[in-house]
J.: 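Submitted below is the structure of interest, expressed as structure tokens.
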Amino acid sequence: MARFCVKCGARLRPADKVCVACGEAISSDTDGGEEPAPVEAALAPCDHAPSTVPLQDSHSARCSGKGATAGYDTVGTAFKRVSKLASPPVCVIVAGLALALCAGAAASSCIAGPVSGEVLVPELVGSTQEAATGILADADLKLGAVSAVYSDDRPVGQVSSVSPASGEKVPAGTEIDLAISKGPQPKAYQTDICQQGPVAPQRPESDAYVLPESSNRLYSEAEVSGLSAWELSVARNEIYARHGRGFADQELAAYFASQSWYRQRYTPEQFDALSPSPLNDVERANAEMLVRIEKQKKCGGAL
């Protein structure tokens with residue numbers, strides 16, 4: 001049976017009386033020897049602090065290899081102890097594992113690198129608010145303020161513009177403001193159709209609508225061509241008066257105030273800013289047709 005030094009664990013030859021590794025005298029009661037301590041025991045903390053080099057945490061130390069070297073120095077102390085007690089194959093395995101672990105830690109640290117935390121604002125113009133909200137969430141961004149604006153380029157309900165603009169780099173989690181189109185700004189609200197000056201009022205005598213069905217029937221140009229310029233102006237604006245719009249023009253304001261069916265609920269500015277507009281498709285089409293005929297009457301046929 002193999003013999004080992006009871007002090008340092010070095011393997012003894014059959015004729016050795018003194019350990020050649022540490023000088024310990026070999027007594028006769030050690031004949032037969034004893035098995036070396038397990039590797040786990042050799043790696044356990046000892047009664048004195050090993051001479052080690054502290055691990056370095058900085059990115060530069062890890063990338064330069066200093067962190068890996070320091071880590072190996074720590075493991076190396078235990079390896080020296082194992083080498084005295086364990087057979088050569090075990091020592092080689094322990095050394096290989098130590099080097100692999102330290103080198104792997106240094107390499108992974110250098111590859112990962114820092115994370116910038118910035119993202120690009122995605123293209124949102126032309127999408128709906130619901131779709132834009134989902135796109136922002138996928139891009140790690142948040143929905144900010146939403147406003148309604150007039151737009152000649154985008155139909156009602158589509159995103160007209162964003163802030164910050166699409167393509168800009170912003171920190172993750174930034175709130176993106178959306179401007180939602182409410183369609184082109186109505187032009188039929190204007191009272192001065194051309195620059196030839198006002199037309200003397202020729203008010204309808206009855207307390208009724210000039211065009212009673214303008215909210216639910218499309219009128220033809222032939223049906224309104226016989227109306228005067230003032231009647232055309234009243235017919236066009238009574239479409240808005242039905243919904244409670246006020247009027248800055250004094251003649252129109254006085255006329256509608258005299259009608260029993262009229263009740264003002266909005267100032268001109270409040271009504272024009274309503275989104276969505278209270279006008280239906282028939283009312284918008286009749287208003288556009290009336291303003292076109294009104295221009296012909298007031299401006300000598302110019303459109």
J.: Any link between Leu120 and Val162 through a network of hydrophobic side chains (Ile, Leu, Val, Met, Phe, Trp, Tyr) touching at under 4.5 Å?
T.: no

J.: Please check: side-chain N/O of Ser181 versus main-chain N/O of Gly183, any donor-acceptor pairing under 3.5 Å?
T.: yes

J.: Is there a donor-acceptor pair under 3.5 Å between the side chain of Asp153 and the backbone N or O of Ser160?
T.: no

J.: Go through Cys5 and Leu12 one step at a time and tell me if the side chain to side chain contact (heavy atoms under 4.5 Å, CB included) criterion holds.
T.: CA-CA 7 Å; Cys5 177; Leu12 303 174; 4.3 Å; yes

J.: Applying side chain to side chain donor-acceptor pair (under 3.5 Å) as the test, list every pair that has at least one member in residues 126-142; sequence neighbours left out.
T.: none

J.: Do the non-hydrogen side-chain atoms of Gln158 and Ser151 ever get within less than 4.5 Å of each other?
T.: no

J.: Would you call the rings of Phe256 and Phe247 parallel, tilted or perpendicular, taking 30° and 60° as the class edges?
T.: parallel

J.: Taking the side chain as every heavy atom from C-beta outward, state whether Glu283 and His243 have any pair of such atoms under 4.5 Å apart.
T.: yes

J.: Would you check if Val121 and Thr174 make a side-chain contact, meaning some heavy-atom pair closer than 4.5 Å?
T.: no

J.: Quick one, Leu141 and Pro122 - any side-chain contact, counting heavy atoms below 4.5 Å?
T.: yes

J.: Pick from Asn237, Asp249, Val234: which one makes a side chain to side chain contact (heavy atoms under 4.5 Å, CB included) with Tyr255?
T.: Val234

J.: So, for Gln270 and Arg265, which heavy atoms are closest and what is the spacing to 0.1 Å?
T.: OE1-O, 4.4 Å

J.: Is it possible for you to say whether Trp261 and Val210 belong to one hydrophobic cluster, with membership spreading through side-chain heavy-atom contacts below 4.5 Å?
T.: yes

J.: Going through the distances and angles, do Leu252 and Ser233 end up as a side chain to side chain contact (heavy atoms under 4.5 Å, CB included)?
T.: CA-CA 9 Å; Leu252 287 172; Ser233 177; 4.0 Å; yes

J.: Step by step, would you call Val146 with Asp177 a side chain to side chain contact (heavy atoms under 4.5 Å, CB included)?
T.: CA-CA 6 Å; Val146 178; Asp177 299 336; over 6 Å; no

J.: Can a donor-acceptor pair be found, under 3.5 Å and without considering hydrogens, that links the side chain of Lys7 to the backbone of Ala25?
T.: no

J.: Give a yes or no answer on whether the side chain of Arg263 reaches the backbone of Ser260 with a donor-acceptor pair at less than 3.5 Å.
T.: yes

J.: List in chain and number order the residues that pass side chain to side chain contact (heavy atoms under 4.5 Å, CB included) with Val125, two or more places apart in sequence or in another chain; answer none if no residue qualifies.
T.: Glu123, Arg154

J.: Can you list the steps and then say if Leu290 with Leu232 is a side chain to side chain contact (heavy atoms under 4.5 Å, CB included)?
T.: CA-CA 6 Å; Leu290 287 168; Leu232 287 168; 3.9 Å; yes

J.: Should Phe271 and Gln264 count as side-chain neighbours, where that means a heavy-atom distance under 4.5 Å?
T.: no

J.: Treating Ile, Leu, Val, Met, Phe, Trp and Tyr as nodes and any side-chain heavy-atom pair under 4.5 angstrom as an edge, say whether Leu274 and Tyr240 lie in one connected cluster.
T.: yes

J.: Would a distance-only check, ignoring hydrogens and angles, find a side-chain to backbone donor-acceptor pair under 3.5 Å from Asn286 to Tyr219?
T.: yes

J.: Between Val282 and Leu279, is there shared hydrophobic-cluster membership here, with clusters defined by ILVMFWY side-chain heavy atoms closer than 4.5 Å?
T.: no

